[in-house]
Amino acid sequence: MEWQVWMGIAAIVIAVLALVVAIGAWSQQALRRRRDPRRATPQSVQAVPQLAVIVNPSKPDAGRLLVEVRAHCSTHGLPEPLWYETTVDDPGKGQAEQALADGADIVIAAGGDGTVRAVAETMVESDKPMGVLPVGTGNLLARNLELPLTGTDEALDVIVHGRTRAIDVGWLRVVEFADVPRNGDHPNQPDHEPDTEREHIFLVIAGLGFDAAMVATADSNLKKRVGWLAYFVAGLSHMQARRMRATLQLDEHPPVDARARSIMVGNCGMLPGGVTLLPDAVLDDGVLDVAAVDVRGGVLGWAQLTLEIAMQGVGVRNELPEKLGRIDHTKARRARIRVPAGEEAQVDGDPLGRAVEIDVHVQPGALLVRAP
């Protein structure tokens, strides 16, 4: 049977499994969170808070969002919201700084995960909380905070009347970039001298390998039409790629060698479609969850991995040592990962280019967010 047919079968298997487990995974996680004793203590904001909204104007609903936010504020007796638009050169960091200088009590990121990351970078260690209006493709932080994903009024109700929660943030630095020719063949590689000093914030998951390649090659037009499923489609073209050789050093432990498809470091673990990739990850536990994802055996291995992810999302773990598709979990405050051949890297769905070595660490309780 041709490999394209096998790929099609794999796509069907993965899609069906994702649909079957989505409701169960969501229900299980909701129950687990209600029972979690580590719930943050609510912190108050101004009785009549001044909202500032930082919006990505390239999003299709940006214009409508302004009308809806103004209407909500007017209806509920809130001041006229401050309004700032991101630019290509500044995706939200400078706008958040201006919002704080202008007296905002809550700074709201209205956009995709990139906008949320940029605003969060300014809001870290601020005494003001950040709100999220999810209007992107993945909306990763919004999902993990259990925010309403549809309906501006519902999301604003949480932002205004919810609680303030201190969560951890992760930081990733590319220690060494792969030597990729700058001839336009690799659009995600920096088009200038790579900055190995810059730290990139992430709130959900950073990754190296298959997951980052999937993000880097997702078709932007398809993303607009089908949302996060565009990442799944992009992933099909990378299923036959070679497993990467990696060396991991976690905290002060000696380095260990590994073979894997992806190595991910996460602050929380819920992805679109009800998929829970890191079931033990907690937003405010002061550590990061490290997952090495590996697949052998072609289509059968990918099918087993999909089932593994689906089952762990509802609290079932398969601890058998010999598996074609597996995810090995551990926790660390710092992780240094080296892949000599170079692999794609990403933070919360934003590609960083091909990296040979990355350094990741957690900053506990550094960001205040508004949550249900």
Side-chain angles (χ1 to χ4, degrees), residues 113-114 117-118 120-121 124 168-183 185-218 235 238 241-267 269 277-278 281 286-295 326-364 366:
D113 296 309
R117 284 183 54 248
E121 191 167 345
V124 163
D168 308 332
V169 302
W171 295 92
L172 182 150
R173 179 171 67 91
V174 179
V175 179
E176 181 182 347
F177 282 94
D179 186 13
V180 176
R182 305 188 192 287
N183 56 7
D185 292 340
H186 195 281
N188 296 304
Q189 199 71 5
D191 57 4
H192 49 77
E193 189 64 27
D195 186 353
T196 57
E197 297 300 320
R198 180 185 174 187
E199 289 193 312
H200 303 269
I201 193 172
F202 65 94
L203 307 174
V204 183
I205 294 178
L208 194 66
F210 174 83
D211 66 297
M214 179 175 62
V215 165
T217 57
H238 298 285
R242 288 187 177 185
R243 299 155 71 209
M244 64 184 182
R245 297 180 181 271
T247 301
L248 292 80
Q249 182 174 10
L250 306 179
D251 293 331
E252 302 304 320
H253 300 293
V256 296
D257 294 329
R259 293 289 297 273
R261 299 285 182 174
S262 286
I263 298 176
M264 285 171 277
V265 184
N267 191 34
L277 189 61
L278 303 174
V287 294
L288 296 170
D289 282 55
V290 183
V293 180
D294 195 19
V295 173
R326 62 182 299 122
I327 307 178
D328 295 318
H329 299 272
T330 188
K331 292 179 180 290
R333 289 179 173 83
R334 190 173 207 110
R336 198 171 181 104
I337 306 167
R338 183 172 182 83
V339 285
E343 294 287 344
E344 296 285 348
Q346 62 86 18
V347 284
D348 287 352
D350 284 342
L352 302 178
R354 289 183 63 86
V356 170
E357 186 170 343
I358 61 173
D359 183 62
V360 189
H361 69 93
V362 66
Q363 187 178 4

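Sequence positions, counted from 1, serve as the residue numbers for this chain.
- R354 places a side-chain N or O within donor-acceptor distance of the main-chain N or O of G342, the cut-off being under 3.5 Å.
- With contacts defined as side-chain heavy-atom distances shorter than 4.5 Å, the pair E176/R338 qualifies.
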- Task: Apply side-chain contact (heavy atoms from CB on, under 4.5 Å) to the pair H200 and D348, showing each step before the final yes or no.
- Result: CA-CA 10 Å; H200 303 269; D348 287 352; over 6 Å; no
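- Within the 4.5 Å cutoff, no side-chain heavy atoms of V204 are placed close to those of N267.
- One distance of note links CG of L250 with CZ of R333; it measures 12.5 Å at 0.5 Å rounding.
- Considering only heavy atoms from C-beta on, L352 stays 4.5 Å or farther from I358 through its side chain.
- Within the 3.5 Å criterion, the main-chain N or O of K331 finds no donor-acceptor partner in the side chain of D289.
- Contact check on R334 versus D251 returns no salt bridge, with no Lys/Arg side-chain nitrogen under 4.0 Å from an Asp/Glu carboxylate oxygen.
- Within the 4.5 Å cutoff, the side chain of W171 has heavy atoms near those of the E121 side chain.
- Atom CZ of R173 sits in a crowded spot, with more than 12 heavy atoms from other residues, nucleotides or ligands closer than 6.0 Å.
- Within the 4.5 Å cutoff, the side chain of D257 has no heavy atoms near those of the R245 side chain.
- Counting heavy atoms from C-beta outward, T196 and V175 have side chains that stay 4.5 Å or more apart.
- F202 is listed as a side-chain neighbour of V360, based on a closest heavy-atom distance under 4.5 Å.
- Using modelled atom types, one side-chain atom of R261 and one backbone atom of V295 make a donor-acceptor pair closer than 3.5 Å.
- Of the inter-residue distances, the one linking D294 atom CG with M244 atom CE reads 9.0 Å to the nearest 0.5 angstrom.
- With a 4.5 Å cut-off on side-chain heavy atoms, I327 and L277 count as touching.
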